[in-house]
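Computed from a predicted model, the values in this text were never measured in an experiment. Numbering of ligands and ligand atoms starts at 1, following listing order. Only this structure's heavy atoms are used, side chains among them; waters, hydrogens and symmetry mates stay out.
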Amino acid sequence: MSTANPQPLWQPEPERIAQARITEFQSWAAERHGAPSEGGYPALHRWSVDQLDTFWKAVTEWFDVRFSTPYARVLGDRSMPGAQWFPGATLNYAEHALRAATDRADEPALLYVDEIHEPRPVTWSELRRQVGSLAAELRALGVRPGDRVSGYLPNIPQAVVALLATAAVGAVWTSCAPDFGARSVLDRFQQVEPVVLFTVDGYRYGGKEHDRRDVVAELRRELPTLRAVVHIPLLGTEAPAGALDWSALTSADVEPVFEQVPFDHPLWVLYSSGTTGLPKAIVQSQGGILVEHLKQLGLHCGLGPGDRFFWYTSTGWMMWNFLVSGLLTGTTIVLYDGSPGYPDTGAQWRIAERTGANLYGTSAAYVMACRKAGVHPSRDFDLSRVRCVATTGSPLPPDGFRWLHDEVRDDLWIASVSGGTDVCSCFAGAVPTLPVYIGELQAPGLGTDLQSWDPSGKPLIDEVGELVVANPMPSMPIHFWNDPDGSRYHDSYFDTYPGVWRHGDWITVTSRGTVVIHGRSDSTLNRQGVRMGSADIYEVVERLPEIKESLVIGIEEPDGGYWMPLFVHLAPGAVLDEGLRDRVKQAIRQQLSPRHVPDEIIEVPGVPHTLTGKRIEVPVKRLLQGTPLEKAVNPGSIDNLDLLNFYESLARKRR
Ligand SMILES: CC(=O)CC(=O)O
């Protein structure tokens with residue numbers, strides 16, 4: 001938590017400030033667009049929010065966004081939800097991602113690393129050629145703008161090619177990582193009804209091969225809209241009957257044709273699991289992602305041609321999409337397909353060293369795991385090219401800041417960033433020209449009116465409140481899939497403060513302009529950066545005859561850990577012995593993913609609900625975090641108040 005006048009852990013040198021791309025942007029925007037030339041980042045930020053239209057116009061000019069049809073205005077309607085960005089304009093995201101192929105054809109666009117940790121390059125010209133070939137094949141298969149194309153793929157070059165080819169056609173990309181079980185994938189893909197599925201036969205993780213051909217067969221059976229399945233033989237198997245071969249589709253020497261689509265044309269569907277129902281299928285636009293990611297990656301992360309950008313992620317997390325967007329800035333992106341800690345906990349540092357990463361991003365949980373395991377990054381690896389280590393997934397605890405500072409370099413820029421799938425970006429985080437304070441994000445992002453609000457909508461400074469964004473951002477969802485009246489979209493962000501985005505995180509905006517994130521204000525599970533819906537877990541667990549009902553919560557712990565207990569109310573006669581515990585874990589691991597497996601399974605006398613029958617996850621979470629019973633719940637809204645005594649006494653025992 002912030003104190004009034006702490007010392008910064010890191011302060012950028014004046015030359016570094018002067019040379020930062022964001023400083024160049026500010027001077028240019030001051031000349032051309034009336035941005036403040038003095039006052040550094042805080043003044044630029046204020047201007048970007050007050051003059052939202054001018055700011056975004058400046059971003060498109062600075063990054064030379066190619067509008068094939070000009071826009072009529074920057075912001076048509078600015079109400080939320082439903083803001084209209086750059087009405088009238090047409091463009092293509094993939095065209096921008098492949099622009100560096102013209103000048104830097106033989107330099108690497110991608111560096112692919114597997115668990116052997118030897119980077120293999122894919123040049124800009126090769127990437128562009130493969131995208132051209134695949135886009136032509138997709139068109140030949142009848143894929144049209146707006147059709148959905150899905151990937152069940154690890155973080156490999158083929159996934160990037162497939163995304164860019166899909167966007168080149170104007171189709172809509174969506175992906176799941178291959179450690180997702182069939183049910184999790186179907187809960188996502190069945191909503192969007194893809195016409196093409198790109199899939200591997202399996203993947204390698206932690207030194208082992210994981211054959212996924214049975215899951216792929218199930219996906220093919222359960223996705224009747226598929227017109228084509230493309231097989232990528234990562235484990236070297238033959239394409240199954242009726243599937244197309246990846247190499248045949250990507251072998252032609254064809255210039256890509258980039259469909260020119262409206263600014264708000266859908267680019268991809270990302271998923272975010274809530275507490276009830278299917279995961280939210282969040283649709284973001286080609287233009288919205290293009291400009292938001294140019295801003296984030298080019299200004300906040302300071303990336304550009306000649307840089308190398310590594311973020312440890314999987315295709316099931318929005319950070320993968322964010323990583324791919326590194327290409328927009330002409331940066332080489334590093335794709336690592338493997339376990340974060342194989343063959344040893346230091347694996348990611350070795351990859352950062354071998355790929356010459358300038359910006360290395362990871363989860364706060366990985367940093368804390370390295371600290372615990374006694375990893376010494378700068379003793380064991382040459383990290384002289386890493387200028388920034390960025391973290392997300394959960395707030396980086398103060399000990400994580402100190403550890404990075406002590407164990408990597410004392411002039412290291414540490415950027416703890418926070419945003420979400422919902423905007424596929426950051427609300428607050430990296431600013432290369434500002435100091436870093438322990439436990440704090442440097443500042444809200446440009447063009448982002450980030451505030452902390454009390455329940456009545458009063459802005460708070462130096463006090464915990466709800467994270468709100470009071471102006472529209474271009475990467476906010478254009479809609480949710482299958483939400484024709486927009487009610488699910490509205491209820492997800494706009495039902496607390498009409499017309500203002502409420503994200504569901506507790507934050508403090510400090511009087512120094514920094515931001516502290518305290519965790520989720522709702523009950524979404526967020527384990528090591530992976531958001532999980534409790535509903536998915538209930539569905540699997542409660543299929544077991546021994547389980548009558550269950551409740552799962554996740555608790556952010558002061559040391560940066562995350563405790564995810566699963567409470568089970570057993571059916572009459574059932575006993576929670578080792579056998580049953582194993583069956584529960586096995587079912588979750590197979591049908592969802594290893595990340596969904598709880599830390600503990602605890603028998604409870606019952607699950608409390610609201611009077612409308614909803615399990616009360618947030619109050620139970622609060623009780624376990626130490627909130628007194630009378631403050632954690634509204635007694636009038638609970639079906640069986642006595643049950644809460646059990647959870648309260650468990651909380652006491654844990655303290
Ligand atoms: C940028 C982020 O906020 C990533 C995440 O935690 O989902």
Side-chain angles (χ1 to χ4, degrees), residues 155 175-177 268-274 279-280 282 284 288-289 292-293 295-297 299-301 303 309-326 340 359-368 388-397 400 414-431 440-448 450 466-469 473-477 492-493 501-507 515-533 554 556 560-562 564 593 595-596:
N155 185 8
S175 58
C176 284
W268 54 46
V269 182
L270 304 177
Y271 304 93
S272 177
S273 298
K280 294 181 281 189
I282 294 169
Q284 286 145 351
I289 288 294
E292 172 64 28
H293 283 185
K295 176 203 82 176
Q296 269 302 336
L297 292 154
L299 299 179
H300 286 281
C301 298
L303 292 172
F309 174 34
F310 166 39
W311 203 296
Y312 178 77
T313 180
S314 86
T315 59
W317 187 22
M318 52 67 62
M319 289 311 296
W320 181 76
N321 305 65
F322 191 76
L323 172 66
V324 173
S325 281
L359 191 155
Y360 156 44
T362 189
S363 60
Y366 176 71
V367 172
M368 299 313 279
C388 175
V389 172
T391 64
T392 194
S394 51
L396 182 67
I414 301 166
S416 170
V417 308
S418 185
T421 304
D422 325 70
V423 289
C424 196
S425 189
C426 309
F427 297 124
V431 183
E440 300 179 9
L441 284 65
Q442 288 175 285
L446 292 172
T448 308
L450 179 75
E466 287 278 359
L467 186 165
V468 303
V469 181
M473 289 169 65
S475 65
M476 282 174 175
S492 298
Y493 312 107
W501 177 283
R502 184 198 71 106
H503 191 62
D505 279 343
W506 297 120
I507 63 161
V515 176
V516 183
I517 310 269
H518 307 282
R520 297 294 295 168
S521 64
D522 61 18
S523 55
T524 306
L525 303 168
N526 181 347
R527 202 184 208 185
Q528 295 171 4
V530 182
R531 297 238 157 99
M532 296 178 287
E556 296 84 9
Y562 193 73
M564 193 172 110
S593 86
R595 291 194 201 108
H596 287 76

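- Residues forming a side-chain contact (heavy atoms from CB on, under 4.5 Å) with Ser475 (at least two apart in sequence, or on another chain): Ile289, Glu292, Val423, Ser425, Met473.
- The ligand atoms of ligand 1 that sit less than 4.0 angstrom from a heavy atom of Gly420 are 2 (C), 3 (O).
- Against a heavy-atom cut-off of under 4.0 Å, Ser425 is close to the following atoms of ligand 1: 1 (C).
- With rounding to the nearest 0.5 Å, the separation of CH2 in Trp311 from OG in Ser363 is 9.5 Å.
- If you number the atoms of ligand 1 from 1 as listed, the ones under 4.0 Å from a heavy atom of Met318 come out as 4 (C).
- Between Leu359 and Leu297 the shortest side-chain heavy-atom distance does not fall below 4.5 Å.
- Each of Gln284, Lys280, Met476 was evaluated against Asp422; a single residue qualifies, Lys280, per the side chain to side chain contact (heavy atoms under 4.5 Å, CB included) test.
- With sequence neighbours left out, Ala428 forms a side-chain contact (heavy atoms from CB on, under 4.5 Å) with Leu441, Leu450, Val515.
- For the ligand labelled ligand 1, residue Trp317 lies inside the 4.0 Å heavy-atom shell.
- The atoms of ligand 1 that sit less than 4.0 Å from any heavy atom of Ser418 are 3 (O).
- Nearest heavy atom pair, residue Gln442 against residue Ala415, reads OE1-CB, 4.4 Å.
- Considering backbone and side-chain N/O of Gly419, one or more are found under 3.5 Å from N/O of ligand 1.
- Residue Gly393 has at least one heavy-atom neighbour below 4.0 Å for each of these atoms of ligand 1: 6 (O).
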